[in-house]
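Just below is one structure, and these are the notes that go with it.
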Amino acid sequence: MAGYPFSDIEKKWQKYWEDNKTFRVTEDPSVPREKRKYVLDMFPYPSAAGLHVGHPEGYFATDIYSRYLRMKGYQVLHPMGFDSFGLPAENYAIKTGTHPRVSTEQNIARFTSQIKSLGFSYDWDRCLSSCEPEYYRWTQWIFLRLWEKGLAYEAEAPINWCPSCLTGLANEEVKDGLCDRCGTPVTRRNLRQWILKITAYAERLLADLDMLDWSESLKLMQTNWIGRSEGANVRFALEKGPDAIEVYTTRPDTLFGATYMVLAPEHPLVGKITTSAQKKAVQDYVAASAMKSDMERTELAKDKTGVFTGANAVNPVNGKKIPVWISDYILISYGTGAIMAVPGHDERDFAFAKKFNLPVIQVVSKDGSIHELMEADPTEGVAVNSGEFDGITTAAFKTKIVEWLEKKGIGKRAVNYKIRDWIFSRQRYWGEPIPLVHCPRDGTVAVPDDQLPLRLPEVKTVVRTSTGESPLAEIPSWVNTTCPKCGGPAKRETNTMPQWAGSCWYFLRFLDPKNETAFAGRDAIDYWMPVDLYVGGAEHAVLHLLYARFWHKFLFDEGLVNSPEPFMRLINQGMILGEGGVKMSKSLGNVINPDDIVRDFGADTMRIYEMFMGPLEVSKPWSTRGITGAKRFLERIWRITELPLTDAQPTELLLRVLHKTIKKVSHDTARLEFNTAIAQMMIFLNEVSGLPEMPRSLWTPFVLLLSPYAPHLAEELWVRLGNAPSIARQPWPAWDEAYTAEEMVEIVFQINGKIRARESLPAGTPEEELKAKALGHERIRALLADTQIRKIIVVPDKLVNIVAAI
Ligand SMILES: [Zn+2]
Ligand SMILES: [Zn+2]
């Protein structure tokens, strides 16, 4: 027979969907609230490299889920767009003398055709691109609302500076002290910056994680980034003069062990308290540390450096004189920029004390005994060498000492966060202009809303300034403007927004992408929001999600959106690794191009293969054998079309297989357990493959089940069954419970022979599925994190034992 003509079939149905706008969705008020779903992918940055096989993995998952929901009678919003401002396009423009818009538009065209070739059910009428003025008009509008509320402020801030890209970098753009974009060592530089006060939302960003259906590991990453701690602010008076040094400590119970203090070199008291004898040494040290990045300064392994200021402070709990030092391991941006050093119980303080011969006093002990400390002991215990407080447990002491400090007026309870305000400006051309004007009379003035968007000036290409300022600063016709308030001469703000800006609210624009009077109409917001399911890469687990949550909370406070959180359920898909389990990379030459897969195997095969590789959330290696297997599965389905169709009743046995398949595929698809759903469809196919003729009542529901997974093939089979297109809006088949009853057995999941979890599963569950169930189990996954699996032993109906190198 002729082979499965996937290429013709796929092109035919992609054209049909496009011509008929099959997946267009409207805000139909007759659809009840609980029958509406918003299923969202993280929109991609259209890089020059094109789509990677890792991109579609998450898109396949949301697409299958969206198609399933539509067939279950839901109104589904499933959009796609492009996060299209960013540094790579600007760097490319500088290198080639073109305009960043040109390469961005080319990349978007390529991404769009690649995405369309994979058969996704997006509503393309809602497609958006964040570099379009019609879009960034509203990014600017939201920025102005933040500014009006005092949540955007200007400050001279020491920023990470890449001397090669000539641009400021956010902390997250610096990896191991190097520029994340070009690998150049990052230095420090003071620049006037726009900063967003995300810290004002720290408490709520933390507390509201409770209302979200996100994985615990993801919540933990956000929690750690926010870094809330409880402790006390304590004032240490200086031996001479009226000044005092304020410190924040999470261990006020160790105050008796504070034997010296350390200030950040930038601390305002440094100049004031340094004695003349120490002046030269201190000044040299301050100058040297100004050149270093935060990363270099705080590396744990780094040899500690510092200089004595010549001044002493007084420990408030025992009146002892303690020396005040400066050292660059203290950052001015964290806490108060000063610490009390407790070398007995803090590693960094211990290393510093040993190096500079400062006293070490033990003030916490496991059992109340006192001994010489050979290293810092940060664990809790009972107080020793702590005067009247001796013998009290650490926890009780913390409460007691804070009360004592508060009573004496030298300290108080305090909460601190690691999260810093967000440096929101970049010295670039290819970003949203910040819509502010600097007037000599009126100060900073907003561009009026009705003059938005404030467009980027037209240029031939982008040229770096040698000052590190934005290229916009060198376009006088754009910079020089009139003040919206007084009409006098004024200058435009030349910094642009960071790439993160456009992705802070794009999910709102999808609701109402053509709206010219608001970022989205309130009706559309109320109709769809919040997002029911959001799927994307784990690399966005912290920043994009924190920034978007912050903006959304702000819009909620302004009464502009209907929910305090934007993304109710979130899943990070696992990585697709190269063959052999290593990361795909250009240098290893193991990058798989989706275009090649579509050409050689077809989009449906790629969909089935990527979803069958394993649970969505785990990382898995690409395998050529695996994709061949997926193709064979679809070829076998295609071969069924050679069988004559019959209206005869299927046998009882076949009915059982069918209804079990409907039940399992329904259940697993709803839970995004696509690999096990596909495994069940394979079982069904094995059962029907030998039939001389195909009962219509058997084949029709199977084709419906297949359609979210292999939509092109299913459309073709649907028509061949004598139906009119499209299968995409057909009702999902129902199962008859009478045919699905089966015995359940308890399967034990072991790691290295130890029982770690149990799950009740149908008797006779195939080995591959048992493996998948074990590997997908939340507890097993947590225990296996970052370990190498050596072997998996399956005893059907009894156990799965994972042999791992732990
Ligand atoms: Zn760089
Ligand atoms: Zn003015």
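Whatever order the structure lists ligands and atoms in, that order sets their numbers, starting from 1.
The two atoms that bring F550 and L146 nearest to each other are CZ-CD2, 4.3 Å, heavy atoms only.
A salt bridge does not link D449 to R137: none of the charged side-chain nitrogens sits closer than 4.0 Å to a carboxylate oxygen.
At the Zn ion (ligand 2), the angle from SG in C483 to SG in C439 is 110° when rounded to 10°. The SG atom of C165, the Zn ion (ligand 1) and the SG atom of C162 define an angle of 110° (nearest 10 degrees).
The neighbour count for K355 NZ, taken as heavy atoms of other residues, nucleotides or ligands under 6.0 Å away, is above 12.
If you look at D442 and ask which of its N, O or S atoms sits nearest the Zn ion (ligand 2), the answer is OD2.
The aromatic ring centroids of Y201 and F554 lie 6.0 Å or more from each other.
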